[in-house]
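These numbers were taken from a predicted model, which means no experiment stands behind them. In the text below, chain A, chain B and the rest are named by the order of the sequence lines, each starting its count at 1.
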Amino acid sequence: MMFDNENDYLKGLNEVQQQAVINTEGPVMIIAGAGSGKTRVITYRIAHLLKNGVDAFNILTLTFTNKASREMKERIATLIGGSEARNLWMGTFHSVFAKILRIESERIGYQNNFTIYDTADAKNLIKSLIKENGLSDEVYKPNLVYNRISGAKNNLVSWQAYQNNKELVAEDYSSQKPQLGKLYELYQKRLFASAAMDFDDLLFNTNVLFRDCPDLLSKYQHKFKYVMVDEYQDTNYAQYLIVKKLAAAFENVCVVGDDSQSIYAFRGANIQNILNFKKDYPEAKTFALEQNYRSTKVIVNAANSIIKNNQNQIKKNVWTDNLEGEKIKVLRTFSDTEEGWNVAQNIFDIKNNAQARNKQFAILYRTNAQSRAMEEALRKMSIDYRVYGGLSFYQRKEIKDLLAYFRLALNPNDEEALKRVINYPMRGIGQTTIDRIVLAAGENGKSMWEVIENVTAYNTGINSGTTAKINDFVAMIKSFGVMIPAQEAYPVAEHIAKHTGIMRELYNDKSPEGVSRYDNIQELLNGVKEFTDDDLVRTATEQLPEEPVLAGNEKSLAYFMQDIALLTDSEQKDEDGKEADKVTLMTIHSAKGLEFPYVFVVGLEENLFPSQMTLNNREDLEEERRLFYVAITRAEKKLMLSYATSRFKYGQLINCEPSRFLDEIDQQFLDLPSAPKKSNLFDDDETGGWGNRGSFGANSFTKKTNYTPQSVNKPLPPKPVPVAVPKNLTRLTSNTGGSAVADEIPNLSLGNLVEHARFGNGQIVALEGTGPNQKATIDFGANGKKQLILRFAKLKVVG
DNA sequence: GTATTATCTAAGTCT
DNA sequence: TAGATAATAC
């Protein structure tokens, strides 16, 4: 331990924080406002427990996301030292209980080498079931079916209970989907036959385990004498019950959360869990952390003015001693593309004016699709960035393909993996054959693997040529299976990558995408190698039970797969190990728990944020509002909110209205785009109706607002020239006489000498595009050749 | 069984 | 728009 003296580590905490740290016995609820030092309290609490002689192995800390768990682990390690930290049980609900199930699953009839299906696997399985049962995928949309089943599992409703529940059945009848209960049953049975669990099963089956095996429940109750749950407002019923059961013996349960930041109801999170904590534990002590240490007064108060529009909440008073700070800047642009440019330009300016680093900036959005416009603009302005979320490394096709071989070698009954690779790379086992195998499997109550293992024993009608190909495939998979327990992960993985022909296939594809796929495979193999070579110092959650439960030793491929099964975001390390200086792009959901000095929240438009799907009922809309609350409370120094008056959706331009959330912020905290000018054509409403908001009546926001370019407040470059406009913006730009920013584009031709504020003098060597998009390649001599967007470059023609 | 073309439809957030 | 699927040709 780092601290010899008790005061040392309590000194840095305020009164309430100290109380939250030292009250370690009995149930405790900590209501932690945004930026109130929540993580600090949790880590100090753990340190306090350890200092008072509690064994690290007896402390379980559950988080919600991998990122949160990672960050918490790091903070703990700095606080108490790495070796002690390693013995703590800490992880997401899913990963902790996946590991426990890995050890105990045989007690509930699951083999312990079960595969974990991700959402894509699960939806594919559902698609197959819909097809096999002759149902229409128009009526039974796989997404909907999946969500329905997921919802049931999160509430611990088994398929049997589902089918016996009159209310649920009636709902399905009235929505014209009477087969949902049956699909749920088939889905579970097929998962079981494939020895697979989906994400929800990890929680569901943990509950089954604790319900049906009291000895195991007792074992884990005594193992985890202290249970801490972060982001408790986001727990669903399945998680709630696990926590309740685990804590039943000692009741040393500490939940930390903020009802204002509950943003996962769509995933079954039940905000009542935190609202009702006092009912479950009447003797619970409650601590409210209300002092915000993160943000300026402007930001904190603006956030408060937003959240007070929600009815359903625990009253609290978040305040701060920090500086007043700058007003929240509102950016208005007329297209999503320009929104990107505007944000990029603002980042550029702030970087220059405030000596800020890239990593101090975050751009937050409601949907992943919005990242593209931002990325393009940042790329063109040579600002380094990193996009979090979206399609993760492990979800790429080539990675899933190779992993499917690994999965299959470990668990040949894994049907989704089998289907994925039985004909990839192509080996002449086509759709017809696969259909026949599926049919035979269904008729005989066998898995697909059991059928192909002995094809000739079944009446499939598959010809002898294809049979031979199937036999080769089976033999290959079996040979992989034999290698796994005998060898470490890397040689096996490499062998599989080569032997299946995946490497060759991708190597021969010389298209840029093909090359990148090949690189990705190499990267995955490097990951395996690292796993194999690392002298593993495992954290408690990764530690093995007394006897190995998976094939081979802890460096086998089986353990590698366990490690990555629940990683949906890739932990991108930077090559040279130094911390990357990059702008962060992520959804608001994944930004929860993080903070940045400069934050842009983009796409503040009706139907986007709040999302169209949430406008129908109060609960959903309040969740969107909490999401907005989360977004703005990420900012420390300066917050910028941006919206566009038109945006591409489904490949076509649609008009957008500013978000109602902009109206809800107390306007005294906003720095609105400057006052209207008579001549400003943006004032003209006939192009789109950004100004009238129908039922929302007079929109103070749009009434007061008028757009003047935010990004151009510096000396103007030479006289603008009329520019051709890109065709998809024709209507808007012709109305406005060209993009507001494009007005400043100088008329350039090849060979012109120009002056740039940063790069100095240069010569135009190439011109590309027209209008606002015009790019020039300029040779700045010693400063190199740069490609610049003219609308931003602020070039002065000098010759 | 495979390759190419035509047509459709979806972008909501995370484990 | 773009990725996914269905239809068609080979």
Residue pair A:Asp198 / A:Tyr187, side-chain donor-acceptor N/O under 3.5 Å: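 Judged by distance alone, the side chains do pair up.
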
Polar side chain donor-acceptor pair, A:Ser128 to A:Lys419, under 3.5 angstrom: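 A pair is found: one side chain offers a donor N or O, the other an acceptor, under 3.5 Å apart.
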
Remember a base hit wins even if backbone is also touched, and classify [X] as base, sugar-phosphate or nothing at under 4.0 Å, heavy atoms.
{"X": "A:Glu623", "result": "nothing"}
{"X": "A:Thr432", "result": "sugar-phosphate"}
{"X": "A:Phe64", "result": "sugar-phosphate"}
{"X": "A:Lys127", "result": "sugar-phosphate"}
{"X": "A:Thr119", "result": "base"}

Plane angle bin for A:Phe210 and A:Tyr220 - parallel if under 30°, tilted between 30 and 60°, otherwise perpendicular: tilted

Plane angle bin for A:His589 and A:Phe266 - parallel if under 30°, tilted between 30 and 60°, otherwise perpendicular: perpendicular

What is the distance, rounded to the nearest whole Å, between atom [atom1] of [X] and atom [atom2] of [N]?
{"X": "A:Asn236", "N": "B:dT15", "atom1": "CG", "atom2": "P", "result": "14 Å"}
{"X": "A:Tyr146", "N": "B:dT15", "atom1": "OH", "atom2": "P", "result": "12 Å"}
{"X": "A:Tyr394", "N": "B:dC14", "atom1": "OH", "atom2": "C1'", "result": "17 Å"}
{"X": "A:Lys592", "N": "B:dT15", "atom1": "NZ", "atom2": "P", "result": "11 Å"}
{"X": "A:Leu144", "N": "B:dG12", "atom1": "CG", "atom2": "P", "result": "14 Å"}
{"X": "A:Asn147", "N": "B:dG12", "atom1": "CG", "atom2": "C1'", "result": "10 Å"}
{"X": "A:Lys99", "N": "B:dT15", "atom1": "NZ", "atom2": "P", "result": "15 Å"}
{"X": "A:Asn607", "N": "B:dG12", "atom1": "CG", "atom2": "C1'", "result": "13 Å"}

Nucleic acid footprint by protein, nucleotides 2-9 of chain B - heavy-atom cut-off 4.0 Å, B for base, S for sugar-phosphate alone: SS-----S

Out of [options], which has the shortest distance to the side chain of [X]?
{"X": "A:Ala369", "options": "B:dT15, B:dG12, B:dA11", "result": "B:dA11"}
{"X": "A:Thr367", "options": "B:dA10, B:dG12, B:dT15", "result": "B:dG12"}
{"X": "A:Lys131", "options": "C:dA6, C:dA2, B:dG1", "result": "C:dA6"}
{"X": "A:His94", "options": "B:dG12, B:dT15, B:dC14", "result": "B:dT15"}
{"X": "A:Asn66", "options": "B:dT13, B:dT15, B:dA10", "result": "B:dT15"}

Closest-nucleotide ordering on DNA chain B, the 5'-leading residue of A:Lys469 and A:Lys649: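 Its nearest nucleotide lies further toward 5', so the answer is A:Lys469.
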
Pairwise 5' ranking along DNA chain B for A:Thr433 and A:Thr92, keeping only the more 5' one: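 Of the two residues, A:Thr433 wins.
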
State whether [Y] and [X] meet the cation-pi test: NZ (Lys) or CZ (Arg) under 6.0 Å from the six-membered ring centroid, and within 45° of the perpendicular axis.
{"X": "A:Lys592", "Y": "A:Tyr264", "result": "no"}
{"X": "A:Lys153", "Y": "A:Phe204", "result": "no"}
{"X": "A:Arg386", "Y": "A:Tyr388", "result": "yes"}

Distance-only donor-acceptor test, A:Arg366 side-chain atoms vs B:dT13 base atoms, 3.5 Å: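 Between B:dT13 and A:Arg366, which were checked side chain against base, a qualifying N/O pair under 3.5 Å is present.
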
Roughly how far apart, to the nearest Å, are [N] and [M] at atom [atom1]?
{"N": "C:dA6", "M": "B:dA11", "atom1": "C1'", "result": "22 Å"}
{"N": "C:dA4", "M": "B:dT13", "atom1": "P", "result": "16 Å"}
{"N": "B:dG12", "M": "C:dT5", "atom1": "C1'", "result": "23 Å"}

Aromatic ring of A:Phe266 stacked on base six-ring of B:dT13, 5.5 Å, 30°: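 Yes, the aromatic ring of A:Phe266 stacks with the base.
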
A:Tyr240-A:Tyr232 aromatic ring centre distance below 6.0 Å: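 Ring centres of A:Tyr232 and A:Tyr240 not closer than 6.0 Å.
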
Neighbour count above 12 (heavy atom, 6.0 Å) for A:Lys177 NZ: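 It does: A:Lys177 NZ has more than 12 such atoms within range.
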
B:dT13 phosphate, OP1 or OP2, under 4.0 Å from A:Asn368 side-chain N/O: yes

N or O in side chain of A:Thr587 less than 4.0 angstrom from B:dT13 OP1/OP2: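 So the side-chain polar atoms of A:Thr587 never come under 4.0 Å of the phosphate oxygens OP1 or OP2 of B:dT13.
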
